[in-house]
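Since we're looking at a predicted model, the values are computed, not measured. So that the names make sense, note that chain A is the first sequence line, chain B the second, and so on, each numbered from 1.
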Amino acid sequence: EAQVTQNPRYLITVTGKKLTVTCSQNMNHEYMSWYRQDPGLGLRQIYYSMNVEVTDKGDVPEGYKVSRKEKRNFPLILESPSPNQTSLYFCASSLSPPHFDRGRYNEQFFGPGTRLTVL
Amino acid sequence: GQQVMQIPQYQHVQEGEDFTTYCNSSTTLSNIQWYKQRPGGHPVFLIQLVKSGEVKKQKRLTFQFGEAKKNSSLHITATQTTDVGTYFCAGPLYSGTYKYIFGTGTRLKVLA
């Protein structure tokens with residue numbers, strides 16, 4: 001089954017304790033993103049990746065790191081989490097970046113989400 | 001920076017009534033996508049519009065892309081309880097990057 005998986009689904013942690021949220025897709029997609037969703041703010045892009053070893057900042061990258069060593073995986077790393085990073089996080093992937101007008105190839109598939117609470 | 005606003009933020013309708021959400025970008029978009037997120041779920045792709053003035057229909061849903069490619073709308077005819085959720089528009093940013101921006105979303109509640 002074609003899907004994007006994220007782990008963990010729920011996480012409660014304390015300020016300063018490093019954590020990693022994993023994201024994996026099995027569709028050979030090139031473009032991957034991390035978003036955070038907060039009430040009234042919609043989804044905001046944290047980082048994106050065009051392909052292996054190619055990553056760049058989205059709109060709200062402060063406090064986050066990512067890596068793309070393999071095409072299928074795109075982990076999100078919080079080196080020193082703070083309470084303002086409490087949020088719902090989504091990983092997403094698409095075959096082609098949405099910028100290239102390639103019809104259904106631009107469709108972003110989302111993971112189930114990770115609800116993170118930083119105390 | 002570039003912003004994409006949606007109005008209204010919330011909408012309650014009686015089942016069978018129509019519903020429209022509007023999406024406005026501060027800059028021109030090369031294309032626009034619409035997503036639906038059910039309560040407790042993740043966003044799911046609905047459609048992509050590319051051409052100026054484009055109109056696409058999916059059953060009771062009608063999507064429009066403005067002539068200037070800075071605004072878009074989603075209209076649902078005769079809402080059903082299955083239409084409940086938050087609707088987002090989204091589009092790529094220009095400026096030499098491959099960032100992607102989502103609108104603020106419209107949460108729809110349908111009263112049976």
Next item on the list: Please report the shortest heavy-atom distance between Leu108(B) and Ile76(B), naming the atom on each side.
Entry: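 Here Leu108(B) and Ile76(B) meet closest at CD2-CD1, 4.3 Å.
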
Check: Considering all heavy atoms of both residues, which atom of Phe110(A) and which atom of Pro43(B) are nearest to each other, and what is their separation?
Finding: CD1-O, 3.5 Å

Show me, pair by pair, the donor and acceptor atoms from chain B and chain A that are under 3.5 Å apart.
| residue | atom | partner | partner atom | Å |
| --- | --- | --- | --- | --- |
| Asn31(B) | ND2 | Pro98(A) | O | 2.7 |
| Asn31(B) | ND2 | Asp101(A) | OD1 | 2.5 |
| Gln33(B) | NE2 | Asn106(A) | O | 3.0 |
| Tyr35(B) | OH | Gln108(A) | N | 3.2 |
| Gln37(B) | OE1 | Gln37(A) | NE2 | 2.8 |
| Gln37(B) | NE2 | Gln37(A) | OE1 | 3.0 |
| Gln48(B) | NE2 | Asn106(A) | OD1 | 2.9 |
| Tyr98(B) | N | Tyr48(A) | OH | 2.9 |
| Tyr98(B) | O | Tyr31(A) | OH | 2.6 |
| Tyr98(B) | O | His99(A) | NE2 | 3.2 |
| Lys99(B) | O | His99(A) | NE2 | 2.6 |
| Tyr100(B) | N | Gln45(A) | OE1 | 2.8 |

Note to self: Counting C-beta onward and ignoring hydrogens, is there a side-chain heavy-atom pair between Val84(B) and Pro39(B) closer than 4.5 Å?
What the structure shows: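 The answer is yes; the side chains approach within 4.5 Å.
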
Next item on the list: Flag the pair Leu119(A) / Ile12(A) as yes when at least one side-chain heavy-atom distance between them is below 4.5 Å, and no otherwise.
Entry: yes

Margin query: Before you tell me yes or no, could you show the steps for Leu19(A) and Leu11(A) under side chain to side chain contact (heavy atoms under 4.5 Å, CB included), namely the whole-Å CA-CA distance, both residues' side-chain angles and the distance that decides it to 0.1 Å?
Written below: CA-CA 9 Å; Leu19(A) 67 92; Leu11(A) 180 60; 3.9 Å; yes

Check: Is Ile46(A) reachable from Leu88(A) through a run of I, L, V, M, F, W or Y residues, each pair having side-chain heavy atoms under 4.5 Å apart?
Finding: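 Hydrophobic grouping puts Leu88(A) apart from Ile46(A).
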
